[in-house]
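So that the names make sense, note that chain A is the first sequence line, chain B the second, and so on, each numbered from 1.
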Amino acid sequence: MAPPEAVPQAPEAAASTASPVLEARSVSKRFPGVVALDDVSFSLRAGETHALVGENGAGKSTLIKVLTGVYRPDGGDLRMAGRPVRFARPFEAQQAGISTIYQEVNLVPLMSVARNIFLGREPRNRFGLIDFARMHRETTELLDGFGVRVDPRRPLHTLGIGTQQMVALARAVSVNAQVVIMDEPTSSLEPREVETLFRVIENLRGQGIAVLYVSHRMDELYRICDRVTVLRDGRHIHTGDLADLDRMQLVSMMLGRDMAEVRRSGVTSFAAEGHEAARTPVLTATGLSSRHHLHDVSLSLYAGEVLGLGGLLGSGRSETAKALSGALHLDAGELTVDGTALNRLTPAAAIRAGISLLPEDRKAEGIVPGLSVRENIVLAAMPRLSRAGVVSRAKQDRIVDIFMKRLRIKASSPEQKVGELSGGNQQKVLLARWLCLEPKVLLLDEPTRGIDVGAKAEVQSLIDDLAREGLAVLLISSDIEELIEGADRIVVLRGGAVAGELAGDDVAEDRLLEVLADHAPAPEDKSPAAQEDPR
Amino acid sequence: MNETTPAPAAPAAPAPAVPRTDTPGGKGPRPAAASEPGTRARVAELLQRQGVLAVLLTVVIAASFIYPTFASLDNARGITIQASFLAVVALGMTMVIITGGIDLSVGSVFALGGVLAAWASQYGFLAALLVPLVACGAIGLLNGLLIARGNMAPFIVTLATLLGARGLLLAITDEGATTYLVPKDSAFGELGQGSVWGFGYPILVALVLFGAGGLVLQRTSFGQTLFAVGGSSDAATLMGLPVARTKILVYTLSGLLAGLAGALNAARLSSGVTIVGVGMELDAISAVVIGGTLLIGGAGSISGTLWGVLLLAVIQNLINQIGSLNSSYQSVVSGGFLIVVVVAQRYLARSRRST
Amino acid sequence: MTQAAVSPPVEPAQPAEPGKPARSTGPLARLRDPAWYQEYGVYVAVAVVLLFNALFTDHFMTADNFRTQLVQVAPIVIVALGMALVIGTEGVDLSVGSTMALAAAFLPLYLGYGLVPALVVSLLAGAVVGAVNGTLVSLIGLQPIVATLALFVGGRGLALVMADGQLKQIVNPDLLSLGTGSFLGVPLVVWIAGVLAVAVAFLVQRTTFGRQIVAVGGNRSAAALAGLPVKRVLIGVYVLCGVLAALAGVLATARLTASDPSSLGTLMELSAITAVVVGGTPLNGGSIRVLGTVAGALLMQLLRATLVKHDLPDSTAQIAQAAIIIAAVYVARERRSR
Amino acid sequence: VSGCSKSETTSNAGGDSSQGAQAAKTPEASSGAGCSLETYGAPKLDLKNAVVGFSQSEKEANPFRIAETQSIKDEAKKIGVKKLLTTNAQSQLSKQISDIQDMLSQGAQFLIIAPLNSDGLEPALKAAAAKKVPVLTIDRKVNSTACKDYVAFLGSDFVEQGKRAADAMIKATGGKGKVAILLGASGNNVTTDRTKGFVDQIKAEAPGIEIVAQQTGEFARDKGQQVMEQLIQSKPEITAVYAENDEMGLGAVTALKAAGKKPGKDVKIVSVDGTRNAVQALVNGEYNAVIESNPRFGPLAFATAQKFYGGEEIPENVIITDRAYDETNAEASLGGAY
Ligand SMILES: Nc1ncnc2c1ncn2[C@@H]1O[C@H](COP(=O)(O)OP(=O)(O)OP(=O)(O)O)[C@@H](O)[C@H]1O
Ligand SMILES: Nc1ncnc2c1ncn2[C@@H]1O[C@H](COP(=O)(O)OP(=O)(O)OP(=O)(O)O)[C@@H](O)[C@H]1O
Ligand SMILES: O[C@@H]1[C@H](O)[C@H](O)CO[C@H]1O
Ligand SMILES: [Mg+2]
Ligand SMILES: [Mg+2]
């Protein structure tokens, strides 16, 4: 992890003396129908941690892709250490010492963890062949540093999204780089992993490495970033020391709205008071078991409440949600909706029964990238929006219009391909897909992942409203604040089994952490007990 | 030879894109199973990884009991020499398919390689090998350039070169009227006709190439890059891997191997026959896919392809052993056999997922 | 719930801002836009080939000649329509040629009962082939290319077994008139292909089934999680493809005035796939271009016609075809925005 | 020195009528010394107790191949051969080689081979020679050494067939006109020979005949029809068609009829093979001549084999006499067509 040119200076000193390691001068980038970057200038100094913020679709990821040779800018130029550079391919940016974690986890799912980490720079033995023993050893060591314990031979796609993100981090940081760029690295991480990440960033800063950090989580920015650059609608709005701005100022800059308007929203946008839940459950799950995934999970969901699902990485929250929506093969267990048992559990049956799941992995399980915003929204509702198998454009347009407005989906038109939208807007499209089904039960697996402050607030108050209107909501969130403030009740999972339930006044951060920590061996805990996989 | 694919747990069918009903996009098994070793588990593991090998062995053993003439050394020699040319072609095809591509031009390139080798054999051994390799490598390179730099679909590019190579072959043989002959008793002819213990040199060449191919695929950066490109071309690009160069190289390699196979075949036939190689691409693709390589790319193995090629050869041999089928029934039987084999292999592969 | 479906703001869906038009739109500017070629490249290519023939080929721009080209391309179009649907699901069907042969083989066996029963049986044969393919792909989970390879090999064998290897002359006047008759001066086979093209375009664009096909091809996991009947869609698509191939087999037989299972439809799978791909449908699913497919088939047909009419030897003809396919696809290739 | 092969009219093949039987022409004097069991070095054998192998090259899906295989099978049964192994190479040379090897390892003691191609069977012939298994090649000749790699060749002379087709063409057209050739499959030496014989003879004998098109119809009826349809449009001046097999010729008939022309009158048609359908077309007046290529090799092949084992010498080439059909004898000879 040693940088090529270690500059063991204090961060401030490094930041003030060194010339920018990486610089973009008036870059522009257009896509058909959108100006994603409009004359944006930006500079990154050695040893600083620089926040890049802006709403969904502001152009953050595009700027990063321009900086790293994924996109060729339509105008403007790049410099490294004062010298003009042009990257024809990401490969060249990497050669120049820029290491990047892109927003969508960009590893090869079918390949093993170790192969992913070492792709392109595999250790060789003396015959010039790949030395797998060493590769696996080094992978284990490297991941240990990140608090991740996983068999280096395991195919990446068998890991949860969070773990995959840690693997991507490990890869990025283990390359000798002068610049490390992270596009929303924490959106799928647990609090504890976030801490690990911050330690890593601290470490990089100590080595004089510049970090460009994108996140929608304000508290994170204030904890680790020195300076900030704000983008809005593809334009550069502001660059300066983060310490000079308070949260409100920052948010209002991002949203382009005035302070008073912004001030009204608190940490989260959930209303302070809880919801009035019905007496009888809409959905009851008893004894859900699926080999290796779930063990005898039982829970009930009441109309009008938000049930939180707590747990650490890999505790089985996503699996539970999938099981409830018919997307996971169950070895045992029963599901009843409004008192009637569902016997053949498939996603289609669950949807018919009024259960909708917003899946966790947006790219793999959510969007159909080649289809338009409109079609992605109506995908699940199509049968209802057609007559005799013929789709009704008018009906579709009405729904799509409503939801694009309500969720403020930013697209050049409903006909734009979803694959071209920014990450946050893709998430909103998915939310719209499930909301337009008018479900009784809404299962939300990380609904606010990767969406900006404004939109997050909207989604949160939407969840609130939905519960108030009588919907039963299951909320999975790695954002503890969101979980605590949003949920009326929290079921905590551990190792695929229910470890406890919090209700009433117990729905509080310290209580949750208590249950989480109770007998859960921390992943980074290297005690012999922790090595035993309980499953 | 290599046994592991980068995705030992990857199912033999379009895995990530085609989840089974139970878990759309579901996560694979946890590693817990690995902590309970045992012979049973290990056998299961081997079967999973080499489902084709299991099917092949079953068929061979069954056939040996049913047809006494099947299990003879003579028959083994015949089956292996026949399989060796397809094997060399399928080796290149495996690599191409692992990158998520396909090469339909191999049959024509194989024929062209043979004609060129026979023509060049009058100028000596070296010419007889170099001329086809250069020409066929160039066609492969063209495929690679159009696919990687031109961003065109491999299927259509190689379909075009399938036509083009055949046209070229007809052009240099006076519309197929001229057949170039390999000089009698030339070193080049010996390459195709000589043998060790009755096993022809082409078999040895194929084996050596498979050994080398296995090493390249599993133990070199190039090999890893092939899997990465096939597993996720975008990710590979973002990881800074030389995606375009890798693709160009792999199609060139496929062209080279098809040309080499053609040359070996010409040496064996001692002439540059113009009508060979028709439909060979489909045989090669079936062998590769039967061998467990995913057509969507990202997972596969060289050894699987070898078993796949042998399985096809054995099936054909068995149909002849049955003896009295007319040609129409032969097609029906081989189509049926194909279904049985791939379904069997599929189920073997699936059983691994549920463990 | 909910206010969602109830609240009726009737303003037009606003293209959520900062969509400054990044493209100029003059007729000439369009010709310089790569995206335009991607969309319309195949039509441009058809026009270019037509223009070439108008200038350099004798007796080309005649009604009779166009009729010939359309009649010859009709079966390819029909097969390619089905193929386009299959390709839209990220699949491929190699068995279409054998299915044509199978349909042809059934015809003479049942023509004794009249045209309609024979037709029904033939189309049913196509449906059965499609159902087998679809089952292997969706329920067993085989890769489409191998799943359909089995019937590619076995299907023609079966056809020959049923026909006893023999070509059979067709004498049924109804069937023959299907092959030779015309309506309003346009041959029946061309009508049928045209109507089917419109029907398939409608299916793809405007029906739930059509949109489900595209969604399944675009992201199968997402489609499954969205409750789409993925397996049913897949089987349905292969059945449709099989039926269309069978129909093409029937029409080709009617035109040939003989049932020839040994050679009918050989290499049809490649022609159909070429038409689909040249027409701009990506092989990795998620998008189907029906009109493009028709144009793709037409382009290849005109190309073959041109080569025959200029009496090029097979060698030159094949090289020329290769070059033109590459050129056409190159122009219309997808350019990554970078 | 002299041959042994004169009186081969012993029996007929398919049981059709005695008209269909093959007859060997007197081998050319130049054929040199014949091949005897002794010179060949094979063990003595009683065919009745022997395992005989027959390697067919193409699918039994055209009348020629069906008749050929059937005739071998029938004759083997008639003679009482202990076991007849049959294989079919499905037009793949590599398969034919392994087929032959497979039959050798299954214990074949005598082989009859219908080669797919003149070149390339060397490995198979060597394998047979190594096991001292005599090989008789029929129908197509191989470019190997007689009496070493194989015993002898029985069959037609394809160049001669082309030549005779040219003569028939000259007769039908009166030595004037524009001819289109429907070529067989590219790269195949039957195609090459039938083209060479025809073209050379036309050049030498009929300066008034101009060959205006040579396009492949791949030996298939539908391809022949399609090419003809193109030619009717682009070269309306064509007055005659030479098809290198009957199937393509019949395809041309269909195309001409559909275009409102009278085949056999407006456009003369000559082809090679002698299938029943072609001779019937001749009877119907839609055809002008058919040069036979007689596939009924069974009786001649087994008789030759018996002579070989009886100690007689077999000439290198046993060329059979092919008949010719035209308006004058068509009706009468219909029974002999296959
Ligand atoms: N490949 C593309 N084709 C077309 N438009 C694109 C493409 N990539 C991005 N855009 C558009 O460019 C704009 C900026 O997108 P970008 O991904 O940079 O946003 P972002 O700031 O990273 O947002 P988020 O916080 O949601 O990730 C968006 O309007 C998006 O729709
Ligand atoms: N300690 C660990 N390190 C790495 N991966 C793990 C660990 N524990 C579990 N996993 C993997 O992570 C996957 C995620 O499981 P699951 O989706 O049920 O958990 P989750 O609670 O929803 O977590 P996530 O935050 O990842 O969504 C599991 O399939 C498991 O294989
Ligand atoms: O002579 C035969 C027939 O003409 C057949 O049509 C093709 O193969 C040849 O060998
Ligand atoms: Mg982004
Ligand atoms: Mg989860």
The reported gap from CG in B:Leu338 to CZ in C:Phe152 (rounded to nearest 0.5 angstrom) is 11.0 Å
At what distance, to the nearest 0.5 angstrom, does OG of B:Ser286 lie from CD1 of C:Ile145? 8.5 Å
Count the heavy-atom pairs under 4.5 Å between each of C:Leu267, C:Val230, C:Val153, C:Val278 and chain B, then report the option with the highest count. C:Val153
Kindly give the heavy-atom pair with the smallest separation between C:Gln143 and B:Val289, and that separation in Å. NE2-CG1, 3.5 Å
For B:Ile147, is it the side chain, the backbone, both or neither that has a heavy atom under 4.5 Å from a heavy atom of chain C? neither
Would you indicate whether the side-chain heavy atoms of C:Leu94 and B:Leu282 approach each other to under 4.5 Å? yes
Measure C:Leu136 against the heavy atoms of chain B and call it side chain, backbone, both or neither at under 4.5 Å. side chain
Non-hydrogen atoms of chain C under 4.5 Å away: do they reach the side chain of B:Leu295, the backbone, both or neither? both
Between B:Leu146 and chain C, which part of the residue has a heavy atom less than 4.5 Å away: side chain, backbone, both or neither? side chain
Taking all non-hydrogen atoms of both residues into account, name the closest pair between C:Val161 and B:Ser328 and its distance. CG2-CB, 3.5 Å
Looking at chain B, which one of C:Val146, C:Leu149, C:Leu158 has the largest number of heavy-atom pairs inside 4.5 Å, strictly under? C:Leu149
Shortest non-hydrogen contact from B:Val332 to C:Gly157? CG2-C, 3.4 Å
Selection from B:Ala165, B:Ala171, B:Pro154 maximising heavy-atom pairs under 4.5 Å formed with chain C: B:Ala171
Side chain, backbone, both or neither: which part of C:Ile325 has an atom under 4.5 Å from a heavy atom of chain B? side chain
Please flag which part of C:Leu283 lies under 4.5 Å from any non-hydrogen atom of chain B: side chain, backbone, both or neither. side chain
Please examine the side chains of C:Ile319 and B:Leu168, heavy atoms only from C-beta on, and report whether any two atoms are closer than 4.5 Å. yes
Which value, rounded to the nearest 0.5 Å, describes the distance between B:Ile156 atom CD1 and C:Ile273 atom CD1? 8.5 Å
Below 4.5 Å from any heavy atom of chain C, which atoms of B:Ile285 appear? Answer side chain, backbone, both or neither. side chain
Nearest non-hydrogen partners of B:Glu175 and C:Pro313, listed with the distance: OE2-CB, 3.4 Å
Minimum side-chain heavy-atom gap C:Ile326-B:Met152 below 4.5 Å: yes
Could you report the tightest heavy-atom contact between C:Ala150 and B:Ile339, atom names first, then the distance? CB-CG1, 3.1 Å
Please examine the side chains of B:Val157 and C:Val329, heavy atoms only from C-beta on, and report whether any two atoms are closer than 4.5 Å. no
All heavy atoms of C:Ser315 vs all of B:Gly167, minimum pair found to be CB-O, 3.2 Å
